[in-house]
Amino acid sequence: MKSQLRFIDLARLMTDAWVKSSGKVVSADAICRSVENLVRINMVLATIDMRMAAPQDWRIAFVRTYGIPTTFFDAKHLQRTRTLSGFPEKTYIERHVIDVCKRAVDIGRPYFGKIDEEVYDVTVAGDQLILPDSSGKGRWCVVLTEVHSIAKLGRPTRFDDVDLSVLQLLREGLSAREIGAAIE
């Protein structure tokens, strides 16, 4: 069973690996390997190959994909290796991938940020860490994103008493087994 580390713990591990590789020629994959097996189901770990001059031609490769099922969009289809121009949500890619990778490379250090964005008519909220090429050459970035929620505002939802109980106990941090015992 995987250790259930929080986003901030994974960010620290990745940042430590990045600091140790500072000034050296290290691959993005080497940084990813430091946490690859610890990434949780609600997280995405990806590398951005920035060697192409035009940001739309940069390639994204997903090392670990978001794995919580959703009916709002086809997450598996979206999380395949391709150029950034292959994503239909151009605004999201520009704001949360291209701009933050450029910023991280320009400042030469990790970038931490929040995501609260409308994508595919749903709101996605989460945290993000961008690590630039540690050699300072701007060849790649590593992206770790934790998705807190994917919600469709205004969508009519009907919860029965059991659903409401499960949601409340989840908010309180109980496990599935503890929730089952609490609501019998």
Side-chain angles (χ1 to χ4, degrees), residues 1-11 14 28 32 35-49 55-101 111-130 141-184:
M1 184 168 128
K2 288 185 189 178
S3 173
Q4 293 296 302
L5 294 178
R6 299 172 303 153
F7 174 80
I8 194 70
D9 298 322
L10 292 177
M14 286 178 63
C32 290
V35 298
E36 182 176 4
N37 293 323
L38 302 173
V39 174
R40 296 173 66 182
I41 192 171
N42 67 325
M43 296 178 185
V44 175
L45 179 62
T47 61
I48 309 293
D49 181 345
Q56 294 76 17
D57 294 333
W58 294 352
R59 289 191 66 73
I60 185 168
F62 292 87
V63 178
R64 291 282 186 231
T65 58
Y66 180 80
I68 297 175
T70 178
T71 60
F72 293 142
F73 51 82
D74 186 352
K76 284 185 182 181
H77 175 72
L78 288 174
Q79 298 177 101
R80 66 188 205 296
T81 298
R82 64 171 112 187
T83 62
L84 297 183
S85 64
F87 283 89
E89 285 292 331
K90 306 292 185 215
T91 303
Y92 179 86
I93 293 299
E94 183 72 33
R95 191 174 296 152
H96 294 288
V97 180
I98 294 171
D99 288 350
V100 293
C101 283
Y111 170 85
F112 288 91
K114 299 272 184 206
I115 297 172
D116 189 358
E117 188 79 28
E118 192 169 311
V119 182
Y120 296 110
D121 298 323
V122 298
T123 300
V124 177
D127 292 312
Q128 187 174 49
L129 166 67
I130 307 287
C141 278
V142 173
V143 179
L144 176 67
T145 303
E146 178 181 42
V147 177
H148 297 297
S149 67
I150 299 173
K152 192 163 205 160
L153 300 178
R155 182 177 186 190
T157 306
R158 297 181 192 268
F159 294 116
D160 64 17
D161 291 346
V162 173
D163 295 330
L164 292 170
S165 298
V166 169
L167 286 171
Q168 179 59 42
L169 295 171
L170 281 170
R171 285 186 200 110
E172 293 176 16
L174 274 67
S175 70
R177 188 174 307 241
E178 291 167 327
I179 290 170
I183 61 175
E184 301 174 356

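Hydrogens, waters and symmetry mates are skipped; everything else that's a heavy atom, side chains included, is used.
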Quick test of your reading: applying salt bridge (charged side-chain N to carboxylate O under 4.0 Å, His left out), list the pairs with at least one residue in residues 118-128, sequence neighbours left out, ordered by first then second residue. Lys114-Asp127
Which donor-acceptor pairs under 3.5 Å do the side chains of residues 175-184 make with protein atoms, sequence neighbours left out?
| residue | atom | partner | partner atom | Å |
| --- | --- | --- | --- | --- |
| Ser175 | OG | Glu178 | N | 3.2 |
| Ser175 | OG | Glu178 | OE1 | 3.3 |
| Glu178 | OE1 | Ser175 | N | 2.7 |

Excluding sequence neighbours, so at least two apart, what forms side chain to side chain donor-acceptor pair (under 3.5 Å) with Thr83? Ser85
In chain order, what residues pass the salt bridge (charged side-chain N to carboxylate O under 4.0 Å, His left out) check against Asp49, with sequence neighbours excluded? Arg51
With Arg95 via salt bridge (charged side-chain N to carboxylate O under 4.0 Å, His left out) - residues at least two apart: Glu117
For a side chain to side chain contact (heavy atoms under 4.5 Å, CB included) with Arg64, tell me which candidate from Val44, Asn37, Ile41 qualifies. Asn37
Any side-chain heavy-atom pair from Phe87 and Arg82 closer than 4.5 angstrom? yes
Side chain to side chain contact (heavy atoms under 4.5 Å, CB included) between Leu84 and Lys90, worked out: CA-CA 8 Å; Leu84 297 183; Lys90 306 292 185 215; over 6 Å; no
Which is it for Leu10 and Leu144 under the side chain to side chain contact (heavy atoms under 4.5 Å, CB included) test, yes or no, and what are the steps along the way? CA-CA 9 Å; Leu10 292 177; Leu144 176 67; 3.9 Å; yes
Residues passing the side-chain contact (heavy atoms from CB on, under 4.5 Å) test with Ala75, sequence neighbours excluded, are Phe73, Gln79
Checking Asp74 now: which residues fulfil side-chain contact (heavy atoms from CB on, under 4.5 Å) with it, not counting sequence neighbours? Lys76, His77
For Trp58 and Ile60: C-alpha separation, side-chain torsions, deciding distance, then whether side chain to side chain contact (heavy atoms under 4.5 Å, CB included) applies. CA-CA 7 Å; Trp58 294 352; Ile60 185 168; over 6 Å; no
Is the side chain of Thr70 donor-acceptor paired with the backbone N or O of Phe72 at a distance under 3.5 Å, no angle test? yes
The criterion is ring pair (Phe, Tyr, Trp, His ring centres under 6.0 Å); which residues satisfy it with Tyr92, sequence neighbours excluded? His96
